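For reference, the structure discussed in these notes is given below.
Side-chain atoms are counted along with the backbone in the values below, which use heavy atoms only and exclude waters and symmetry mates. Numbered from 1 within each chain, the chains take letters A, B, ... in sequence-line order. Small disclaimer: the values here were computed from a predicted structure and weren't measured.
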2 protein chains.
Amino acid sequence: MSRSVIKILLVDDEPDVIEFMSYNLKKEGYSIFSASNGKDGIELAKKINPDLIVLDVMMPEMDGMATCRALRSLEQFKSTLIIFLTARDEEYSQISGFDAGADDYVTKPVKPRIFLSRLQALLRRSDTSKKQLNVKIGDIEIDPEKYLVYKGTETIELPKKEFLLLQLLMSKPGRVFNREEIMSRVWGNESIVGDRTIDVHIRKLREKLGDEIIKTMKGVGYKFD
Amino acid sequence: MSRSVIKILLVDDEPDVIEFMSYNLKKEGYSIFSASNGKDGIELAKKINPDLIVLDVMMPEMDGMATCRALRSLEQFKSTLIIFLTARDEEYSQISGFDAGADDYVTKPVKPRIFLSRLQALLRRSDTSKKQLNVKIGDIEIDPEKYLVYKGTETIELPKKEFLLLQLLMSKPGRVFNREEIMSRVWGNESIVGDRTIDVHIRKLREKLGDEIIKTMKGVGYKFD
DNA sequence: TTAATACTTAACAATAAGTTAACATTGGCT
DNA sequence: AGCCAATGTTAACTTATTGTTAAGTATTAA
């Protein structure tokens, strides 16, 4: 679902904050809409269907959390990204925020650079998570979002490298990946690691998932089977 | 698909990066094009049809992953090589990169030597893998990606040398390959092995696939039939 | 900080793949 | 036909590649 322009809705009762953030986000090419209270925010959201909503927690009448809950109760916004803006010393905001269904929160005063990177990270993550269908082959299933592997009924947590390796092999089941390829796609270019490193990781995967699932093609590579 | 000049499209919002990489790649004889954002990148790609596209992940508006997905959704770029540029600490870049359909990724800051070697590895790999289509003759079919041979309904796994030998003979069915040719294409020019070695491998293939499929032309060579 | 976990390495073991040597068989040749 | 160089066959041998373990580093969490 790649869209040309990402729509962001800002909901805050302070016009200064709206203006400041609006300016900074527009500069980055986002399309910005705004509302000064929760009720208007929800109405506007229904019309424009934003990709992301930024909610100030402290607002008169209907605060950010109530607004968030109201939005989440609507089918349309079940998976829309929501970021909370909170004052630094609102101690419970984190917990309650996530509880109310926020995806992230940022403390005021907002620093544009930081806010942008959080926002982009969130968009990137969600963008992929929408497309990241879990891959299931046989009784093994991987969930890239949660970094988890399911084997039958049991759930297995894998360290990063092991997960990446498994994910690579499962991305094209049956196809043989040679060492060079594995090296490049799991380890990347920054690290030059020895040959045995791959074997050790393969071994650990076999230990956790069963010996049969990864087959060695001697002199050629490994494949998931 | 042999082309005289390899075209590379660079998409990055930082002019410095473009210039730096452009300089280094041009020096190696590649033909370089560039765009400063995803949208322009896609438009340019459509026009020039590059062999390889380098995408910065962190870009305003339409980031590398969104661009990659957009490209992959077009028939024209289904198999074009794509390399991601990511900051070292972008934690999700690896996983999401696979998911978005990248062929490789390289971390910033880019070191020319390393970047070049990966790029060349990728070009080399794709060049051969594109040529390696499944070949089916009679009831025998070979799948180079999976390193498997199918005979009727049964699946046969072959060791590397046997597979290469079969692949060679099947690449031009009916044509006779003499020993010298077989030697150089399966064993390479470095290794000097005795004469009986070829026979032994031929024998093993016959054992596994049936006596009739490889015919001996005494004093001339072997052919697949 | 310490503790825990993840990752890498090195040394050695195990094994499949590849090679060779010795001998058998074949088929084109005079 | 019968010779004989080329190829077939077998099993033992050699080697390259991968498996395994444990210990050393690095990274992350507490």
Side-chain angles (χ1 to χ4, degrees), chain A residues 147-149 156-169 176-183 185-225, chain B residues 88-92 94-95 107 147-149 156-169 176-188 190-225:
Chain A
Y147 244 77
L148 287 176
V149 178
I156 300 159
E157 222 174 287
L158 293 181
K160 187 172 170 186
K161 287 270 150 71
E162 284 169 44
F163 190 89
L164 287 171
L165 177 52
L166 179 64
Q167 196 182 20
L168 174 63
L169 295 176
V176 181
F177 291 86
N178 63 38
R179 278 158 184 278
E180 190 196 3
E181 234 172 322
I182 292 172
M183 203 74 245
R185 300 202 58 170
V186 176
W187 274 266
N189 58 315
E190 63 247 79
S191 60
I192 298 148
V193 294
D195 236 25
R196 295 278 67 66
T197 303
I198 291 175
D199 308 353
V200 171
H201 280 83
I202 291 279
R203 189 187 166 281
K204 293 205 175 129
L205 282 176
R206 284 177 173 158
E207 200 169 81
K208 288 169 186 168
L209 302 172
D211 271 357
E212 332 74 43
I213 68 146
I214 297 168
K215 180 130 205 256
T216 304
M217 309 295 281
K218 207 163 180 171
V220 187
Y222 294 96
K223 70 174 176 181
F224 185 93
D225 216 26
Chain B
R88 180 147 303 153
D89 55 352
E90 288 176 52
E91 39 185 331
Y92 291 106
Q94 293 186 26
I95 293 177
T107 55
Y147 248 82
L148 289 176
V149 178
I156 300 159
E157 241 172 62
L158 295 181
K160 190 174 175 183
K161 287 267 154 71
E162 284 168 44
F163 191 90
L164 289 173
L165 176 53
L166 179 63
Q167 198 177 19
L168 174 62
L169 295 176
V176 182
F177 291 86
N178 64 39
R179 279 162 180 276
E180 195 193 352
E181 224 171 334
I182 292 172
M183 205 71 244
S184 83
R185 298 200 52 182
V186 176
W187 275 263
E190 342 78 50
S191 62
I192 300 145
V193 293
D195 234 25
R196 295 281 66 66
T197 303
I198 291 175
D199 308 351
V200 171
H201 279 85
I202 291 282
R203 192 193 163 277
K204 288 191 178 147
L205 282 176
R206 284 175 173 158
E207 199 170 81
K208 287 168 185 167
L209 302 172
D211 271 356
E212 332 74 44
I213 67 146
I214 297 168
K215 189 153 190 228
T216 304
M217 310 298 282
K218 204 162 178 171
V220 188
Y222 295 97
K223 69 172 178 181
F224 184 93
D225 215 26

What is the separation between atom [atom1] on [X] and atom [atom2] on [N], rounded to the nearest whole Å?
X      : N      : atom1 : atom2 : result
B:I198 : D:dT7  : CD1   : P     : 9 Å
B:M217 : D:dG8  : CE    : P     : 13 Å
A:K204 : D:dT21 : NZ    : P     : 12 Å
A:N178 : D:dT18 : CG    : C1'   : 15 Å
B:D195 : D:dA6  : CG    : P     : 9 Å
A:R196 : D:dG19 : CZ    : C1'   : 8 Å
B:I214 : D:dT9  : CD1   : P     : 12 Å
A:E157 : D:dA29 : CD    : P     : 12 Å

Rounded to the nearest 0.5 Å, what separation is found between the [atom1] atom of [X] and the [atom2] atom of [Y]?
X      : Y      : atom1 : atom2 : value
B:E207 : B:E162 : CD    : CD    : 8.5 Å
A:L209 : A:I156 : CG    : CD1   : 5.0 Å
A:L148 : A:E157 : CG    : CD    : 6.0 Å

Should [X] be listed as having a side-chain N or O under 4.0 Å from OP1 or OP2 of [N]?
X      : N      : answer
A:R179 : D:dT18 : yes
B:R203 : D:dT10 : yes
B:Y222 : D:dG8  : yes
B:T216 : D:dG8  : yes

Open item on the list: Need two values: the first and the last nucleotide of DNA chain C, 5' to 3', having an atom under 4.0 Å from any heavy-atom of chain B.
Closed with: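 So the contact region on DNA chain C extends C:dA17 to C:dG27.
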
Task: B:R179 with B:D199: basic N within carboxylate O range, under 4.0 Å - done: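 Salt bridge between B:R179 and B:D199, a charged N being under 4.0 Å from a carboxylate O: yes.
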
Open item on the list: For a 4.5 angstrom cut-off between non-hydrogen side-chain atoms, does A:K208 reach A:L166?
Closed with: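 No, every pair of side-chain atoms sits at 4.5 Å or beyond.
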
- [ ] Give B:K161 one of three labels, base, sugar-phosphate or nothing, depending on what nucleic acid heavy atoms sit under 4.0 Å from its own.
- [x]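 Sugar-phosphate only.
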
Open item on the list: Heavy-atom nearest nucleotide on DNA chain C for B:V193 versus A:I192: which residue maps closer to 5'?
Closed with: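 The answer here is A:I192.
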
TODO: Mind telling me whether B:W187 and B:H201 have parallel, tilted or perpendicular rings, with 30° and 60° as the class edges?
DONE: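 Rings of B:H201 and B:W187: perpendicular, as their planes differ by over 60°.
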
- [ ] Of all the heavy-atom pairs spanning A:R206 and A:K215, show the shortest one and how long it is.
- [x]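 Heavy-atom minimum between the residues: NH2-C, 3.9 Å.
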
